[in-house]
Participant: 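Take this structure, written in structure tokens, and hold onto it; I'll ask about it next.
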Amino acid sequence: MLQLTVLREQTDFVVAALNKKNYKNAAQEVAALLELDQQRRQVQNEHDELQSRANSIAKEIGALMKSGEREKAESLKSETSELKQRTKTLAEQLSAIEDEIQKALYKLPNLPHESVPAGRTAEDNEVVLQHGEIPTLHAGALPHWELIKQYDIIDFDLGNKITGAGFPVYKKQGARLQRALINFFLDEAMKAGYMEVQPPILINEASGYGTGQLPDKEGQMYHATADNLYLIPTAEVPITNIYRDEIVPVDKLPIKNAGYTPCFRREAGSWGADVRGLNRLHQFDKVEIVQISLPEKSYEILEEMSSYIQSLLQKLELPYRVLRLCGGDMGFTSALTYDMEVYSTAQGRWLEVSSCSNFETYQANRLKLRYKTESGKTQLLHTLNGSALALPRIVAAILENNQTPDGINMPKVLHPYLGFEKIG
RNA sequence: GGAGAGAUGGGUGAGUGGCUGAAACCAGCAGUUUGCUAAACUGCCGUACUGGAAACGGUACCGGGGGUUCGAAUCCCCCUCUCUCCGCCA
């Protein structure tokens with residue numbers, strides 16, 4: 001959530017930034033918000049003043065009652081009734097205005113960082129770098145959805161039977177590969193100084209609001225209505241919400257957490273050839289890294305996180321590229337996002353396997369996640385996170401890129417985790 | 001799921017209608033004393049909104065929401081959560 005003071009003090013800048021994110025009617029909405037803010041303060045001033053008078057009269061009555069001057073007290077009482085009525089009306093107005101402001105603020109996305117390229121779609125994303133050689137496959141090489149059948153390691157039909165489309169069953173070396181990747185990613189995160197956490201995978205409404213999934217994006221999450229809980233779409237939600245309503249001591253910063261969770265996405269309305277196989281699932285596994293940092297350090301940390309994620313891809317020997325997302329393609333809550341994509345050779349396309357973002361104060365403002373400056377002022381921290389990594393597309397790329405006519409070679413770093421070197 | 005008890009500031013915990021934004025203690029911060037450490041002493045020590053250049057004010061907040069009252073941490077109603085006992089159970 002954007003801060004009202006920023007809208008107030010840097011209105012033109014905010015409007016320009018919203019425009020860059022292709023937000024419609026930015027100028028009008030911001031102007032309307034400022035108007036509401038103006039009203040709010042006026043009403044609040046009036047209200048506070050009346051309340052203040054009511055408070056002092058109440059005190060007076062108390063004193064009179066004590067000294068036994070009942071009649072004077074009674075006459076004062078009658079004086080307050082009109083005051084009370086007016087205060088009540090103002091209080092109602094005030095909370096109506098506050099609600100409206102809140103709603104309007106929730107609607108506004110985060111402002112993109114100055115380095116974010118302008119643009120509307122994925123076409124406009126900027127390729128920051130590309131790394132690794134794209135392998136040449138043997139004749140008759142298969143896409144991963146054929147390979148998993150051939151070696152019987154991931155079973156979509158079974159998942160269909162048990163749950164539905166997009167919930168595969170991993171079997172044998174396929175299951176082992178999942179476990180190996182999770183352990184590898186977590187071990188690497190520990191080495192990089194992250195603290196491992198294992199959060200709940202169901203979250204309440206407050207947590208959904210904290211990181212920006214609610215309101216308006218409940219459609220992407222599975223909702224357990226009996227208890228009003230949501231299955232997490234990413235570990236970002238529970239892990240970041242650990243720090244909701246916190247004032248973090250400066251010497252604890254930056255906070256670096258990593259956690260493995262399954263993730264659940266309804267992905268309503270997405271079908272087609274490019275979502276075949278492991279490309280898009282309703283349930284998948286992911287190790288997420290989250291950092292909470294001082295505002296002045298957050299972009300340095302974003303780079304650090306980006307290199308860390310790249311180091312994983314390098315160790316897995318996967319060709320990848322890094323994109324800086326354009327204003328139109330980035331997430332609602334993000335100020336700057338890098339996407340990491342691996343090349344899936346049999347499909348001949350890049351697959352997103354990580355998204356690494358700086359949210360600046362946008363989430364922190366909703367979370368009330370703050371620190372105290374040296375002068376004692378409470379200020380919002382910055383939150384960041386990245387996938388490190390999401391498994392399914394990594395698996396797809398490993399299977400496709402490393403296939404040979406007589407089996408699929410596993411990346412060396414995984415051998416100790418797998419207990420085998422080759423599938424088939 | 002049943003029965004009971006409870007939810008107060010960073011922590012412990014007092015407070016059953018006005019003198020309580022909230023005692024006391026602990027932790028924390030600043031200082032005095034001290035050869036150093038320790039101890040002792042003094043002061044400070046919640047959050048948000050808001051007025052003000054500032055000094056300094058105003059309002060709200062004692063789990064959340066509503067109500068009674070001139071006045072609510074304190075009384076009433078609803079909700080949530082925690083604890084204890086019972087039941088069930090990985």
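Remember, predicted model here, so these are calculated numbers, not experimental data. Throughout, a chain's letter reflects where its sequence line sits, starting with A, and its residues are numbered from 1.
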Participant: I need the residues from residues 361-373 of chain A with at least one non-hydrogen atom less than 4.0 Å from RNA chain B; give them sorted by number, or say none.
Facilitator: A:Arg370, A:Lys372

Participant: Can you tell me, in whole Å, how much space there is between the C1' of B:G51 and that of B:G66?
Facilitator: 31 Å

Participant: From the set B:C70, B:U59, B:U47, return the single nucleotide nearest to any side-chain atom of A:Ile247.
Facilitator: B:U47

Participant: With respect to the side chain of A:Arg40, which nucleotide from B:A60, B:U50, B:C70 is positioned closest?
Facilitator: B:U50

Participant: Counting Watson-Crick and G-U wobble pairs only, both distances under 3.5 Å, name the nucleotide matched with B:U32, or none.
Facilitator: B:A40

Participant: Would one find a side-chain N or O of A:Thr80 under 4.0 angstrom from OP1 or OP2 of B:G71?
Facilitator: no

Participant: Say we look at B:G71 and B:C79: how far apart would their P atoms be, to the nearest angstrom?
Facilitator: 27 Å

Participant: Expressed in angstrom and rounded to an integer, what is the separation of A:His47 atom NE2 from B:U50 atom P?
Facilitator: 15 Å

Participant: To the nearest angstrom, how far is A:Asp37 atom CG from B:G51 atom P?
Facilitator: 9 Å

Participant: What's the verdict on salt bridge (Lys or Arg N to Asp or Glu O under 4.0 Å) for A:Glu341 and A:Arg393, showing C-alpha distance, side-chain angles and the deciding distance?
Facilitator: CA-CA 9 Å; A:Glu341 299 184 328; A:Arg393 295 173 189 162; over 6 Å; no

Participant: Indicate yes or no: does A:Arg370 engage A:Glu246 in a salt bridge with an N to O separation below 4.0 Å.
Facilitator: no

Participant: Using atom C1' in both nucleotides, what's the gap between B:G6 and B:G13 to the nearest angstrom?
Facilitator: 14 Å

Participant: Can A:Lys217 be said to sit on top of A:Phe332's aromatic six-ring, NZ or CZ under 6.0 Å from centre and within 45° of the ring axis?
Facilitator: yes

Participant: If B:C75 has a Watson-Crick or G-U wobble mate with both distances under 3.5 Å, name it; if not, just say none.
Facilitator: B:G67

Participant: Looking at A:Glu49 and A:Arg86, is any side-chain nitrogen of the basic one under 4.0 Å from a carboxylate oxygen of the acidic one?
Facilitator: no

Participant: Of the options B:U59, B:G71, B:G51, whose atoms approach the side-chain atoms of A:Asn45 most closely?
Facilitator: B:G51

Participant: Where the side chain of A:Ile61 is defined as all heavy atoms beyond and including C-beta, which of B:G58, B:G18, B:A48 is the nearest nucleotide?
Facilitator: B:G18

Participant: Could you tell me which nucleotide pairs with B:U84 by Watson-Crick or G-U wobble geometry, both distances under 3.5 Å, or answer none if nothing does?
Facilitator: B:A3

Participant: Is any NZ, NE, NH1 or NH2 atom of the basic residue among A:Lys412 and A:Glu421 found under 4.0 Å from an Asp or Glu carboxylate oxygen of the other?
Facilitator: no

Participant: What interatomic distance, in whole Å, is found between P of B:A5 and the corresponding atom of B:A27?
Facilitator: 36 Å

Participant: If the cut-off is 4.0 Å, is A:Asn55 near the phosphate of B:A60, judged by side-chain N/O to OP1 or OP2?
Facilitator: yes

Participant: What is the distance, rounded to the nearest whole Å, between atom CG of A:Asp251 and atom C1' of B:C29?
Facilitator: 14 Å

Participant: Grab the CD-P distance between A:Glu92 and B:G67 for me, whole Å please.
Facilitator: 9 Å

Participant: Do A:Phe420 and A:His415 have their ring centres less than 6.0 Å from each other?
Facilitator: no

Participant: What integer distance in Å separates A:Lys84:NZ from B:G67:C1'?
Facilitator: 11 Å

Participant: May I have the distance from A:Lys88 (atom NZ) to B:G66 (atom P), rounded to whole angstrom?
Facilitator: 11 Å

Participant: Using purine N1 to pyrimidine N3 plus N6-O4 or O6-N4 for Watson-Crick, or N1-O2 and O6-N3 for G-U wobble, each under 3.5 Å, what pairs with B:A90?
Facilitator: none

Participant: Using a strict 4.0 Å threshold on nitrogen-to-oxygen distance, state whether A:Glu300 and A:Lys297 make a salt bridge.
Facilitator: no

Participant: Looking at B:U20, which nucleotide sits across from it as a Watson-Crick or G-U wobble partner, both distances under 3.5 angstrom, or is there none?
Facilitator: none

Participant: Can A:Asn257 and A:Tyr243 be counted as having a side-chain donor-acceptor contact under 3.5 angstrom?
Facilitator: yes

Participant: Heavy atoms only, 4.0 Å cut-off, all strands: where does A:Thr378 land among base, sugar-phosphate and nothing?
Facilitator: sugar-phosphate

Participant: If you measure from the P atom in B:G9 to the same atom in B:G65, how many Å do you get, rounded?
Facilitator: 15 Å

Participant: Should B:A48 form a Watson-Crick or G-U wobble pair with both distances under 3.5 Å, which nucleotide is its partner?
Facilitator: B:U59

Participant: Determine whether the aromatic ring centres of A:Phe264 and A:Tyr230 lie less than 6.0 Å apart.
Facilitator: no

Participant: In whole Å, measure the gap between the P atoms of B:U8 and B:U74 for me.
Facilitator: 14 Å

Participant: If you assign each of A:Glu49 and A:Arg41 to its closest nucleotide in RNA chain B, which residue comes earlier from the 5' end?
Facilitator: A:Arg41

Participant: Just name whichever nucleotide pairs with B:A27, Watson-Crick or G-U, keeping both distances under 3.5 Å, else none.
Facilitator: none

Participant: Could you say whether A:Leu76 or A:Arg53 is positioned toward the 5' end of RNA chain B, judged by the nucleotide with the nearest heavy atom to each?
Facilitator: A:Arg53

Participant: Considering every strand and a 4.0 Å limit on heavy-atom distances, what is the contact class for A:Gln44: base, sugar-phosphate, or nothing?
Facilitator: base

Participant: For B:C75 versus B:G15, give the span between their C1' atoms, rounded off to a whole number of Å.
Facilitator: 15 Å

Participant: Could you give the distance separating B:U69 and B:C89 at their C1' atoms, to the nearest angstrom?
Facilitator: 49 Å

Participant: Is the shortest distance from a Lys or Arg side-chain nitrogen in A:Lys368 or A:Asp245 to a carboxylate oxygen in the other one below 4.0 Å?
Facilitator: no

Participant: Nearest whole angstrom, please: distance from the P of B:C19 to the CE of A:Met65.
Facilitator: 14 Å

Participant: Check the distance between B:U50's C1' and A:Gln39's CD and give it to me in whole angstrom.
Facilitator: 16 Å

